[in-house]
Amino acid sequence: MAKCLVAQSGGPTSVINATIAGVVKANQLNPVYDTVLGGLHGIEGILDELFVDLTHMSEDENRVLRQSPSSALGSCRYKLKRENKADFEKLFAILEKHDIRTMFYTGGNDSMDTVAALDEYAKANGIEGFQFVGCPKTVDNDLMVMDHAPGFASAAKFIATTAYQTWMDSTVYTRQDVFILETMGRDAGWLAASACVSGIVDMVVLPEVPFDKESFLATVKKHVDAKNKCYIVVSEGVRYEDGTYLSAGESKNDTFGHAVLGGSGHALREMILEAGVSERAKVQDLSNAQRSHASEQSKVDVEESFKLGMSAHMRSIDPSFTGQTVYVKRIEGETYDVEFLATASSNIANHVRHFPTEWILPEYAGITQEAHDYFAPLLVGQPEIMRDEKGLPRQVKPYYMR
């Protein structure tokens, strides 16, 4: 039997490690591969032959891995460009050298493009005997085809919880105050919209609706005049009608050409204060906390992410299963249930799944009942968190630090 390789790429989530744990556990139950290797730091580390053996992971470590935040194997922002033949030649030579026949790549939009690109290269060059399988994740929930992306539910649960708790904190004083919570979401407003589950959000500003300054300020004033307070949630990717980002970080780009954002909350704060709509305005930028806070995981999210890894491993038994991404589909019915299906990775790569505009109420007033019904089952339950002698959540030591 040959070896398989699991690796992670892009921004971490609080359950991305559960998918890796699922692949490892599936191979222990059904040893399709004699060795399960972990690739450190994604494609970048694989090109440097940085591997760790995960084959005989203990049951305890597997369970702790599922509750460990961030990417235990390390991540990267390395772009595997189709025109760079040298990278492809080197990568296939490394896979051949280490007798790696199947590669499970866990990541978001760009990572699924990597899966598609590797499969395309193999077919175009008559290279046989290799499989490339995508395992999706993203807190942004902006991946096409699937009902929801692993990682989103836990981030949404953290955001909704934080919204409620910071709202409680912001209401203790009688003084006039506007509180602004900023979430991630470069192109899609799923995360910001999820804050509405808390039931306390007065206004939500999403990328799907062009920002209207006058309408926004008038609505803030309406809330402040009525109750001396206003709680606002804003996505980092909010834009004006002409496409200009509200965010202060609009001029920077990452290695994939995506805008590096952050600052939309502060932009709104300055706007409110300059207009004299409120005497005070405070901003809470959730930054990395929303994707790394693993002690409030959604039980549904953890279990689905683990099962997705197991499903990907099972499907790889078929040697023709390559260039595919395993995803979650919700089964229609009175009770929540899902199934795991697969689609060509190219159907996910380089596309954006926006928050439905028909789920957005006018005048920044929140989201529809249909949206609430979509979110509700995803946030249910919390796994039992194993803790150390200090009372802190147990975590695996990242493999790239060993």
Would you please classify the geometry between the [Y] ring and the [X] ring as parallel, tilted or perpendicular, with 30° and 60° separating the classes?
{"X": "Phe130", "Y": "Phe132", "value": "parallel"}
{"X": "Phe211", "Y": "Phe216", "value": "tilted"}
{"X": "His313", "Y": "Phe104", "value": "parallel"}
{"X": "Tyr400", "Y": "His41", "value": "tilted"}

For [X], I'd like to know if atom [atom1] has over 12 heavy atoms of other residues, nucleotides or ligands within 6.0 Å.
{"X": "Glu128", "atom1": "CD", "answer": "no"}
{"X": "Lys25", "atom1": "NZ", "answer": "yes"}
{"X": "Glu363", "atom1": "CD", "answer": "no"}
{"X": "Glu384", "atom1": "CD", "answer": "no"}
{"X": "Glu332", "atom1": "CD", "answer": "no"}
{"X": "Arg63", "atom1": "CZ", "answer": "no"}
{"X": "Lys227", "atom1": "NZ", "answer": "yes"}

Considering the options Lys299, Gln67, Arg66, which one meets the side-chain contact (heavy atoms from CB on, under 4.5 Å) requirement together with Pro383?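 Only one of Lys299, Gln67, Arg66 forms a side-chain contact (heavy atoms from CB on, under 4.5 Å) with Pro383, namely Lys299.
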Residue among Ile20, Asn62, Thr19, Val15 satisfying side-chain contact (heavy atoms from CB on, under 4.5 Å) with Phe306: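 The residue from Ile20, Asn62, Thr19, Val15 that satisfies side-chain contact (heavy atoms from CB on, under 4.5 Å) with Phe306 turns out to be Asn62.
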Would you say the side-chain atoms of [X] pair up with the backbone N or O of [Y], donor to acceptor, closer than 3.5 Å?
{"X": "Asp318", "Y": "Ser320", "value": "yes"}
{"X": "Ser278", "Y": "Arg280", "value": "yes"}
{"X": "Asp87", "Y": "Leu80", "value": "no"}
{"X": "Glu208", "Y": "Thr357", "value": "no"}
{"X": "Ser292", "Y": "Asn288", "value": "yes"}
{"X": "Glu44", "Y": "Tyr78", "value": "no"}
{"X": "Glu236", "Y": "Ser264", "value": "no"}
{"X": "Gln165", "Y": "Ala160", "value": "no"}
{"X": "Lys157", "Y": "Leu379", "value": "yes"}
{"X": "Glu296", "Y": "His293", "value": "no"}

Check this for me: does any side-chain nitrogen of one of [X] and [Y] sit under 4.0 Å from a carboxylate oxygen of the other?
{"X": "Asp113", "Y": "Lys81", "answer": "no"}
{"X": "Arg101", "Y": "Asp99", "answer": "yes"}
{"X": "Asp140", "Y": "Arg291", "answer": "no"}
{"X": "Asp142", "Y": "Arg186", "answer": "no"}

Is the shortest heavy-atom distance from the side chain of [X] to the side chain of [Y] under 4.5 Å?
{"X": "Val234", "Y": "Leu181", "value": "no"}
{"X": "Gln324", "Y": "Val133", "value": "no"}
{"X": "Leu191", "Y": "Phe158", "value": "no"}
{"X": "Met271", "Y": "Lys213", "value": "yes"}
{"X": "Thr166", "Y": "Tyr231", "value": "yes"}
{"X": "Tyr399", "Y": "Met401", "value": "no"}

Can you tell me how far [atom2] of [Y] sits from [atom1] of [X], rounded to the nearest 0.5 angstrom?
{"X": "Trp190", "Y": "Thr138", "atom1": "CH2", "atom2": "OG1", "answer": "12.0 Å"}
{"X": "Tyr105", "Y": "Ile43", "atom1": "OH", "atom2": "CD1", "answer": "4.5 Å"}
{"X": "Cys76", "Y": "Gln8", "atom1": "SG", "atom2": "CD", "answer": "10.5 Å"}
{"X": "Met144", "Y": "His354", "atom1": "CE", "atom2": "NE2", "answer": "8.5 Å"}
{"X": "Ile100", "Y": "Gln131", "atom1": "CD1", "atom2": "CD", "answer": "13.0 Å"}
{"X": "Asp187", "Y": "His351", "atom1": "CG", "atom2": "NE2", "answer": "13.5 Å"}

Is it true that [Y] and [X] share a donor-acceptor pair across their side chains at a distance under 3.5 Å?
{"X": "Asp60", "Y": "Ser58", "result": "no"}
{"X": "Asn17", "Y": "Ser68", "result": "no"}
{"X": "Thr325", "Y": "Ser345", "result": "yes"}
{"X": "Tyr33", "Y": "Thr102", "result": "yes"}
{"X": "Asp388", "Y": "Gln395", "result": "no"}
{"X": "Tyr327", "Y": "Asp147", "result": "no"}
{"X": "Asp242", "Y": "Thr244", "result": "yes"}
{"X": "Glu304", "Y": "His148", "result": "yes"}
{"X": "Thr343", "Y": "Asn347", "result": "yes"}
{"X": "Asp373", "Y": "Gln369", "result": "yes"}
{"X": "Asp177", "Y": "Ser170", "result": "no"}

Does the pair Tyr245 and Tyr240 meet the rule for a ring pair (Phe, Tyr, Trp, His ring centres under 6.0 Å), with working shown? CA-CA 6 Å; Tyr245 284 107; Tyr240 287 98; over 10 Å; no
Go through the steps to decide whether Thr55 and Asp53 satisfy the test side chain to side chain donor-acceptor pair (under 3.5 Å), and finish with yes or no. CA-CA 6 Å; Thr55 313; Asp53 192 338; 2.5 Å; yes
Centres of the Trp359 and Phe375 rings: under 6.0 Å?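 Centroid distance Trp359-Phe375: not below 6.0 Å, so no.
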When you look at Asn141 and Arg353, which way does the side chain to side chain contact (heavy atoms under 4.5 Å, CB included) test go after all the steps? CA-CA 8 Å; Asn141 203 34; Arg353 177 172 176 256; 3.5 Å; yes
Taking the cut-offs as 6.0 angstrom to the six-membered ring centre and 45 degrees off its axis, would you call Arg330 and Tyr336 a cation-pi pair?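 Not satisfied by the 6.0 Å and 45° rule.
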